[in-house]
A.B. asks: 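Before anything else, here's the structure in question.
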Amino acid sequence: MLMTEKKYKFWFCTGSQDLYGDECLAHVAEHAKIIVEKLNESGVLPYEVVWKPTLITNELIRKTFNEANIDDECAGVITWMHTFSPAKSWILGLQEFRKPLLHLHTQFNMEIPYDTIDMDFMNENQSAHGDREYGHIVSRMRIERKVVVGHWSDPVVVGKIASWMRTAVGIMESSHIRVMRVADNMRNVAVTEGDKVEAQIKFGWEVDAYPVNEIADYVKDVAKGDVDALVDEYYILLEGRDPEEFKKHVAVQAQIELGFERFLKEKNYQAIVTHFGDLGALKQLPGLAIQRLMEKGYGFGAEGDWKTAAMVRLMKIMTAGMKDAKGTSMMEDYTYNLVPGKEGILQSHMLEVCPSVADGKPAIKVCPLSMGEREDPARLVFTSKTGPAIATSLVDLGDRFRLIINDVDCKKVEKPMPKLPVGSAFWTPQPDLATGAEAWILAGGAHHTAFTYDLTAEQMGDWAAAMGIEAVYIDKDTTIRNFKNELRWNEIAFRR
């Protein structure tokens, strides 16, 4: 993937005080080092944890947090109070801290040492006390953080830390996302538009538009030898066409891919938006080219949808390096299957579905496209993997952003679709099609989604919380009555 596997690290900061003497502080440091060592040895965490000296004074806490702020490799801080740590000592450091924060509510020992426990042990091992003092000040200061509770050796706890790390990296990388829009939004379409200035304030995204022919010039300048070499990499299914004619159509997409990628790299963009209504000098609507760029880690949104492009890029970052990842893509709700007991939504787009979600090896097909008024574009055709996933939609409600997160179950369709020349997925939204679709519409969800098998609703909700925006969940527990009430409450809670 492109620029998605950075060597981030997370600092482990332990709180205490000098009330209990040097021997106690030595134990605190030793215990924290052991926890860090075991977390790193677990093989579960996607990023390294770095031990930091015990924090016992206002000055040291403030200095450490500010060092974390300016360290480009530090993606967040994990805090734990081994003993009692007076919360006022943390105020200045927390006020100046600007990165993701996790509060690990744990203790070194798993079990109470019934036969030997005394007051020295109680004073030294009082995370149940110290973490509540620390937690109070973070809540009073209205600072967003993740709280994970349980013994540090518990695989569930380690898994929660690992999950949060990916969210934290998404928070950090959000401010580095730059979206290049080829042309503008599709005329008269509302949901794909939004306040780009407010998006930069909230998320750090830069969204810029370019005339289509400026990027078409980059495509035109791609050398034929480079195009031929890329075409030779493609897996080609001829579909009964004349081989030379077929290869000619595929070569157009290869040239677009190389030209687009050069433009994106030179101008430092990580996501791209195209529009079938404004293709300028391009010979085809970018299809195969966009699919390949998404597979490399770029975000994409169609018809001017810069929010989906940025969200797809964000998800690509958050899932970077994930073992056995099943894929992330832009999707669009197309058509329903309303047969009782077999309900679901067929998802696709005109051409641009990322092959990372494909079940098996995709085929290249060249088929007519009624939109765009250009020659037949080449595209990768496949059906998606099965299993649980999430579909998300970031919408601008005028006075605020809302992230809608829907748990979905991806399935195989009942029969093959031999005449459908696009990548596709078929899913049933939780809790069922009728409730899920009604809740989605009530929330103002878009027809484009940023979709992934590899992240959870909790992770995306944590990202939204860190960004200071509203998130609503549609899942197995959703009822329309409660969902409507939640939307009403949010009108007050998230008003700008």
Side-chain angles (χ1 to χ4, degrees), residues 3 6 8 65-66 68-70 72 74-77 94-101 138 141-146 166-181 184-185 189-210 264 267-273 298-301 304-318 330 392-405 443-446 448-450 459-472 487 489-496:
M3 293 171 56
K6 292 190 176 181
Y8 278 118
F65 275 7
N66 277 305
N69 285 333
I70 63 175
D72 289 338
C74 177
V77 169
L94 287 168
Q95 281 178 328
E96 297 176 12
F97 187 56
R98 300 188 303 275
K99 290 188 175 180
L101 180 67
V138 183
M141 295 174 70
R142 309 297 196 269
I143 294 173
E144 183 60 40
R145 82 285 201 186
K146 183 72 173 179
R166 293 195 176 277
T167 301
V169 167
I171 295 164
M172 294 299 299
E173 283 290 312
S174 185
S175 63
H176 302 303
I177 292 177
R178 303 182 73 235
V179 182
M180 184 197 76
R181 302 176 79 201
D184 201 356
N185 196 59
V189 175
V191 75
T192 52
E193 259 294 7
D195 188 336
K196 303 174 192 67
V197 175
E198 189 64 21
Q200 189 162 353
I201 293 170
K202 282 290 186 185
F203 313 124
W205 302 344
E206 295 182 47
V207 184
D208 301 320
Y210 286 83
L264 290 163
K267 299 188 182 297
N268 189 30
Y269 288 99
Q270 299 79 39
I272 183 171
V273 173
Y298 287 96
F300 173 74
D305 190 352
W306 52 271
K307 298 190 296 297
T308 296
M311 290 300 295
V312 170
R313 169 61 181 173
L314 182 74
M315 289 178 167
K316 296 279 188 183
I317 293 166
M318 291 172 68
M330 173 204 165
T392 68
S393 175
L394 181 69
V395 294
D396 186 341
L397 297 177
D399 61 348
R400 68 190 188 279
F401 287 102
R402 170 184 286 161
L403 182 66
I404 304 158
I405 310 167
H448 292 164
T449 58
Q459 287 172 304
M460 296 311 302
D462 286 345
W463 175 82
M467 295 294 109
I469 68 166
E470 175 189 4
V472 293
L487 296 180
W489 300 329
N490 288 354
E491 286 291 335
I492 299 171
F494 288 94
R495 185 176 294 154
R496 247 186 224 165

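The structure presented is a predicted model; accordingly, all values stated were derived computationally and were not measured. Side chains are part of it too, since the values below use all heavy atoms of this structure and drop only hydrogens, waters and symmetry mates.
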A.B. asks: Evaluate the criterion side-chain contact (heavy atoms from CB on, under 4.5 Å) for residue pair Met330 and Met315; output intermediate values, then yes/no.
C.D. replies: CA-CA 10 Å; Met330 173 204 165; Met315 289 178 167; over 6 Å; no
A.B. asks: What are the two closest heavy atoms between Ala75 and Met172, and how far apart are they?
C.D. replies: O-CG, 3.6 Å
A.B. asks: Please report the shortest heavy-atom distance between Leu394 and Trp205, naming the atom on each side.
C.D. replies: CD2-CH2, 3.5 Å
A.B. asks: Is it true that a side-chain atom of Asp184 and a backbone atom of Ala209 form a donor plus acceptor pair closer than 3.5 Å?
C.D. replies: no
A.B. asks: Do the rings of Tyr210 and Tyr269 sit parallel, tilted or perpendicular, given the 30° and 60° boundaries?
C.D. replies: perpendicular
A.B. asks: To the closest 0.5 Å, what do you measure between CZ (Arg400) and CG (Asp195)?
C.D. replies: 14.5 Å
A.B. asks: Given side chains that start at C-beta, do those of Val179 and Arg313 come closer than 4.5 Å, heavy atoms only?
C.D. replies: no
A.B. asks: Compare every heavy atom of Val472 with every heavy atom of Asn490, then report the nearest pair and how far apart it is.
C.D. replies: ND2-CG1, 3.6 Å
A.B. asks: Decide yes or no for Arg181 and Val207: does some side-chain heavy atom of the first lie under 4.5 Å from some side-chain heavy atom of the second?
C.D. replies: yes
A.B. asks: CD1/Ile143 to CG/Leu94 distance, rounded to the nearest 0.5 angstrom?
C.D. replies: 4.5 Å
A.B. asks: Using only atom types and a distance under 3.5 Å, with no angle test, would you say the side chain of Ser174 pairs donor to acceptor with the backbone of Phe203?
C.D. replies: yes
A.B. asks: Would you confirm whether Lys307, through its side chain, and Ser393, through its main-chain N or O, come within 3.5 Å as a donor-acceptor pair?
C.D. replies: no
A.B. asks: Do the non-hydrogen side-chain atoms of Met311 and His448 ever get within less than 4.5 Å of each other?
C.D. replies: no
A.B. asks: Give a yes or no answer on whether the side chain of Arg402 reaches the backbone of Ala443 with a donor-acceptor pair at less than 3.5 Å.
C.D. replies: yes
A.B. asks: Flag the pair Lys316 / Phe300 as yes when at least one side-chain heavy-atom distance between them is below 4.5 Å, and no otherwise.
C.D. replies: no
A.B. asks: Can you confirm whether Glu173 sits close enough to Leu314 that some side-chain heavy atom of one is under 4.5 Å from a side-chain heavy atom of the other?
C.D. replies: no
A.B. asks: Closest heavy-atom contact between Ala464 and Leu403?
C.D. replies: CB-CD2, 4.1 Å
A.B. asks: Pick one: which of Lys196, Arg178, Gln270, Gln200 meets side-chain hydrogen bond (donor to acceptor under 3.5 Å, both in side chains) with Glu206?
C.D. replies: Arg178
A.B. asks: Quick one: pull up CH2 in Trp463 and CD1 in Ile171 and give me the separation to the nearest 0.5 Å.
C.D. replies: 9.0 Å
A.B. asks: Among Asn268, Leu264, Asp208, which residue satisfies the side chain to side chain contact (heavy atoms under 4.5 Å, CB included) criterion with Met180?
C.D. replies: Leu264
A.B. asks: So, for Val77 and Ala68, which heavy atoms are closest and what is the spacing to 0.1 Å?
C.D. replies: CG2-CB, 4.0 Å
A.B. asks: Would you mind reporting whether Leu397 and Phe494 have side-chain heavy atoms less than 4.5 Å apart?
C.D. replies: no
A.B. asks: How long is the straight-line distance from OH of Tyr8 back to CG of Asp72, given to the nearest 0.5 Å?
C.D. replies: 8.0 Å
A.B. asks: State whether the side chain of Lys202 and the backbone N or O of Phe401 hold a donor-acceptor pair below 3.5 Å, judged by distance alone.
C.D. replies: no
A.B. asks: Is there a side-chain contact (heavy atoms from CB on, under 4.5 Å) between Thr192 and Val273 once you walk through the steps?
C.D. replies: CA-CA 11 Å; Thr192 52; Val273 173; over 6 Å; no
A.B. asks: Looking at side-chain heavy atoms only, is the closest gap between Met318 and Val169 below 4.5 Å?
C.D. replies: no
A.B. asks: What heavy-atom pair brings Gly461 and Ala471 nearest, and what distance separates the two atoms?
C.D. replies: CA-CB, 4.5 Å
